[in-house]
Amino acid sequence: MPELPEVEVVRRGLERWVSGRTIDAVEVHHPRSIRRHTAGAADFAARLKGLRIGAARRRGKYLWLPVTGGGPASQTAAEGISPMVTPSVTHGLAILAHLGMSGQLLVQPEGAPDEKHLRIRVRFDDALGTELRFVDQRTFGGLSLHDTVPGAADHLPDVIAHIARDPLDPAFDDAAFHDALRRRRTTIKRALLDQTLISGVGNIYADEALWRSRLHYERPTATFTRPRTAELLGHVRDVMNAALAVGGTSFDSLYVNVNGESGYFERSLDAYGREDEPCRRCGTPIRRRPWMNRSSYFCPRCQRPPRG
DNA sequence: CCCATGACCTGTTTGC
DNA sequence: TGCAAACAGGTCATGG
């Protein structure tokens with residue numbers, strides 16, 4: 001289940017093995033994997049041909065690859081709706097990627113056998129002998145091509161402008177996050193998973209950060225003090241950096257880096273997936289509770305539920 | 001606007 | 001043994 005650390009590992013792999021290369025051809029094997037590209041598979045493939053890939057970027061769980069070399073080509077322009085409205089000089093293009101639940105971006109030797117769930121193949125116009133593959137069992141993830149926000153130095157795709165900065169972004173505003181928490185009438189885990197408040201946190205790292213902070217997942221955000229928010233953010237950053245240092249968390253073969261290798265953070269998890277195992281602080285068995293069609297893992301002693 | 005919930009998707013595990 | 005239900009859960013549309 002790729003969250004920020006896993007996506008960052010993939011970004012680094014793309015940076016090393018894909019950035020700077022020019023696309024020769026794209027094959028779309030499953031339409032659902034390009035569903036966010038509303039102009040369809042043929043348009044996606046045709047417009048990528050000949051483009052050069054720039055530096056790989058990430059915000060939260062989203063990845064993107066700025067591309068250059070094509071003509072003016074927003075989706076609306078390509079559809080012929082209003083080709084004169086958007087001057088091509090004010091914006092760029094980027095390939096947006098989201099791994100969803102089970103998506104993988106793999107750099108494979110050309111001619112390696114196709115994976116069972118190969119959805120998209122990108123061939124390059126060079127002699128390096130490798131290609132980029134998007135493999136995705138559950139098809140929650142996908143690729144698409146978008147205009148970038150005019151003037152944005154990071155070439156942010158316009159369709160993810162609503163996604164908040166992530167806690168490892170130097171420009172993340174801790175004070176603004178605290179103020180937003182105080183305004184919300186919701187509970188802390190919901191807020192941590194809300195990608196418009198803070199991005200990159202999913203079910204695993206939310207439970208880990210809450211365990212480290214000794215906070216129950218249903219604590220109302222309106223009860224948070226500035227120091228409590230600061231401590232929580234510190235634990236979010238610590239656990240993500242620790243995971244990043246060992247290549248992320250791999251529960252099964254569904255999360256791997258671009259070279260197909262797993263991460264090793266699973267063995268360091270304190271709460272997630274540890275139902276009935278002793279809390280590493282106090283020895284009380286960790287509990288699992290159904291929560292929002294998924295699970296929350298917590299220590300019933302260290303993380304007391306809020307009153308009421 | 002704010003917040004909560006269901007739909008989407010497939011392979012594996014669990015239970016009767 | 002076989003089948004069904006539960007489970008994994010990120011994002012977005014929708015409805016209160």
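Each chain gets a letter, A, B and so on, in the order its sequence line appears, and its residues count up from 1.
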Q: Should A:Asp276 and A:Arg288 be marked as a salt bridge (charged side-chain N to carboxylate O under 4.0 Å, His left out) after you check the CA-CA gap, both sets of side-chain angles, and the distance that decides it?
A: CA-CA 8 Å; A:Asp276 296 334; A:Arg288 180 178 72 88; over 6 Å; no
Q: Whole Å only: how far is the CH2 atom of A:Trp291 from the P atom of C:dC7?
A: 16 Å
Q: Starting at the 5' end of DNA chain C and moving along, which residue's nearest nucleotide shows up first, A:Ser295 or A:Val159?
A: A:Ser295
Q: Choose from C:dT11, C:dC12, C:dC7 the nucleotide whose nearest atom is closest to any side-chain atom of A:His162.
A: C:dC12
Q: Would you name the heavy atoms of A:Arg274 and A:Cys279 that are closest together and state the gap between them?
A: NH1-CA, 4.4 Å
Q: Output the rounded distance in Å from CZ (A:Arg36) to P (C:dT11).
A: 9 Å
Q: Taking five pairs at each end of the helix from B:dC2-C:dG16 to B:dC16-C:dG2, what angle separates the two helix axes (nearest 10°)?
A: 60°
Q: Does the protein touch nucleotides 3-10 of chain B at the base, only the backbone, or not at all? Give it as B, S and - per nucleotide, heavy atoms under 4.0 Å.
A: SSS--BBB
Q: With no hydrogens and no angle check, do the side chains of A:Ser199 and A:Lys61 hold a donor and an acceptor under 3.5 Å apart?
A: no
Q: Does A:Tyr297 reach a base, just sugar-phosphate, or nothing at all? Heavy atoms under 4.0 Å.
A: sugar-phosphate
Q: Is a side-chain donor-acceptor pair under 3.5 Å present for A:Arg287 with A:Ser295?
A: no
Q: I need the CZ-P distance between A:Arg35 and C:dG10, as an integer number of Å.
A: 14 Å
Q: What's the closest nucleotide to the side chain of A:Lys61 if the choices are B:dG11, C:dG10, C:dA8?
A: C:dG10
Q: Is it true that a side-chain atom of A:Arg182 and a backbone atom of A:Ala180 form a donor plus acceptor pair closer than 3.5 Å?
A: no
Q: Closer than 4.0 angstrom, basic N to acidic O: yes or no for A:Glu8 and A:Arg11?
A: yes
Q: Can you find a side chain N or O atom of A:His98 that sits less than 4.0 Å from OP1 or OP2 on C:dT11?
A: yes
Q: To the nearest angstrom, how far is A:Leu63 atom CG from C:dT11 atom P?
A: 12 Å
Q: What's the CG-P distance between A:Asn203 and C:dT11, to the nearest Å?
A: 12 Å
Q: Take atom CE of A:Met101 and atom P of C:dT11, then tell me their distance rounded to the nearest Å.
A: 11 Å
Q: Can you check the A:Glu275 CD to C:dA6 P distance for me, whole Å?
A: 16 Å
Q: Using a heavy-atom cut-off of 4.0 Å across all strands, would you classify A:Tyr255 as base, sugar-phosphate, or nothing?
A: nothing
Q: Does A:Arg35 CZ have over 12 foreign heavy atoms under 6.0 Å away?
A: yes
Q: Hey, what's the ring geometry for A:Phe298 with A:Tyr217, parallel, tilted or perpendicular (30° and 60° as the breaks)?
A: perpendicular
Q: Judged by modelled atom types alone, do A:Glu6 and A:Tyr205 share a side-chain donor-acceptor pair under 3.5 Å?
A: yes
Q: Send over the distance from A:Arg182 CZ to B:dC2 C1', rounded to a whole Å.
A: 18 Å
